[in-house]
A.B. asks: 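Quick one: the structure is below, questions incoming.
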Amino acid sequence: MAGIAPQTRRIAVVTSGNSRGSNLRAIHDAFRNGAYPVEIALCIVTKRSAPIVTLCQDKGIPVEFISSKDLSTFETKLRSLLDEYQIDLIALAGFLKKLSISFIRDLTIPILNIHPALLPRYGGEGMYGIKVHDAVFAAREKRSGATVHYVNRDYDSGRVVLQEAIDITDCTSPQDIAAKVLKVEHHIYAKAILKVLKIH
Ligand code: GRF
C-alpha cells in the first residue's frame, strides 16, 4: 500500500527589529528541498527595516510586520496571523520581549526560543546578545553552547528541548565565543524543531 505523504508542518519565525536572520537562514536550509515535511511559512518582524526582511524576500518566505510597542496589540495581531497562516509552531529568534502569560497559556501550538548559552546559566532578563558572551568570558568558562527551550512566563527558564556544549578555551574574546556559539545555534535549532514536532 502506498504511504501517505506526511502533512507539511508550518513554522513561524518571530524576530525583533534588528535580527540578522542567521537562525532563520539555518532553519530554512535544513528544511529546504523537502528533506523534512517542515517549512518556514511566516516570519514576523517588529521593524520594517529589519535586515531579515531582505533575506526572507530572497528565500520566498512571507514576512509580516507587527509593531511590538504595545504588547497586547502585538499579541492580538500575532494570534490572528498564526491562524491565517495555519502555523504549527513558533520559533523565536532574537525576539526580546516577554510574551504575556495569557498569550502563552491560550496558544495551542509550541513556542520555542534559542538562547546562546548553556541554560540555566547565563540567562534571564537583560541577558541577550554580546552581554551573554561577556559574562561567560569574564567568568573564564571553559565551555559554552546553545539551548533551545520552550517559552514560559519567565525569560529563558522554560523546559529545555535541546542543548549542545562546546569547548571555548581557544576563544580570546566574547566575540570569539559569540561566533563559535552561533554555529552551534545553527546546528541545533532545526533539530529541536523536529524533536518537538516528533519528526524523525
Ligand atoms: C541569536 O544569537 C539567538 O541566540 C538570540 O538572538 C540571536 C538571533 O540571531 N536569541 P539571528 O537574527 O538569528 O542571527
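Quick note: residue numbers are just sequence positions, from 1. We count ligands from 1, going down the list as the structure has it; atoms in each ligand are counted the same way. FYI, side chains are in, hydrogens and waters are out, and symmetry mates aren't considered; it's all heavy atoms of this structure.
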A.B. asks: Could you grab the distance from atom CG of Leu42 to atom CD of Gln86, nearest 0.5 Å is fine?
C.D. replies: 12.0 Å

A.B. asks: Using every non-hydrogen atom in the two residues, find where Val53 and Lys47 come nearest and quote the distance to one decimal.
C.D. replies: CG2-O, 4.4 Å

A.B. asks: Under a 4.0 angstrom heavy-atom cut-off, which atoms of ligand 1 come close to Pro116?
C.D. replies: 4 (O)

A.B. asks: Could you please spell out the steps behind the ring pair (Phe, Tyr, Trp, His ring centres under 6.0 Å) verdict for Phe95 and Phe74?
C.D. replies: CA-CA 12 Å; Phe95 182 75; Phe74 174 84; 5.3 Å; yes

A.B. asks: Which of the atoms in ligand 1, numbered in the order shown and given with their element, are less than 4.0 Å from a heavy-atom of Gly94?
C.D. replies: 5 (C), 6 (O), 8 (C), 10 (N)

A.B. asks: Do any nitrogen or oxygen atoms of Ala93 come within less than 3.5 Å of a nitrogen or oxygen of ligand 1?
C.D. replies: no

A.B. asks: Starting from atom 9 (O) of ligand 1, locate the nearest protein heavy atom and write down its residue, its atom name and how far away it is, to 0.1 Å.
C.D. replies: Arg20 NH2, 3.0 Å

A.B. asks: Would you indicate whether Lys183, at its atom NZ, is surrounded by more than 12 heavy atoms from other residues, nucleotides or ligands within a distance under 6.0 Å?
C.D. replies: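 At most 12 heavy atoms, drawn from other residues, nucleotides or ligands, come within 6.0 Å of this atom.
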
A.B. asks: Can you confirm, on distance only, whether ligand 1 has an N/O atom lying under 3.5 Å from any N/O atom belonging to Glu185?
C.D. replies: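 Among all N and O atoms of Glu185, at least one is under 3.5 Å from an N or O of ligand 1.
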
A.B. asks: Does Thr46 reach the main-chain N or O of Gly17 with its side chain, forming a donor-acceptor pair under 3.5 Å?
C.D. replies: yes

A.B. asks: Identify the two heavy atoms, one from His115 and one from Gly123, that lie closest to each other, and give their separation to 0.1 Å.
C.D. replies: NE2-CA, 3.7 Å

A.B. asks: What's the shortest distance from atom 12 (O) of ligand 1 to any protein heavy atom, and which residue and atom give it?
C.D. replies: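 Checked against all protein heavy atoms, atom 12 (O) of ligand 1 sits closest to Gly21 N, 2.9 Å.
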
A.B. asks: Could an N or O of ligand 1 be found under 3.5 Å from any N or O of Ser22, whether backbone or side chain?
C.D. replies: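 Between Ser22 and ligand 1, an N or O pair is found under 3.5 Å apart.
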
A.B. asks: Does Ile114 reach ligand 1 with a nitrogen or oxygen that is under 3.5 Å from one of the ligand's nitrogen or oxygen atoms?
C.D. replies: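 The answer is yes, given that Ile114 and ligand 1 share an N or O pair closer than 3.5 Å.
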
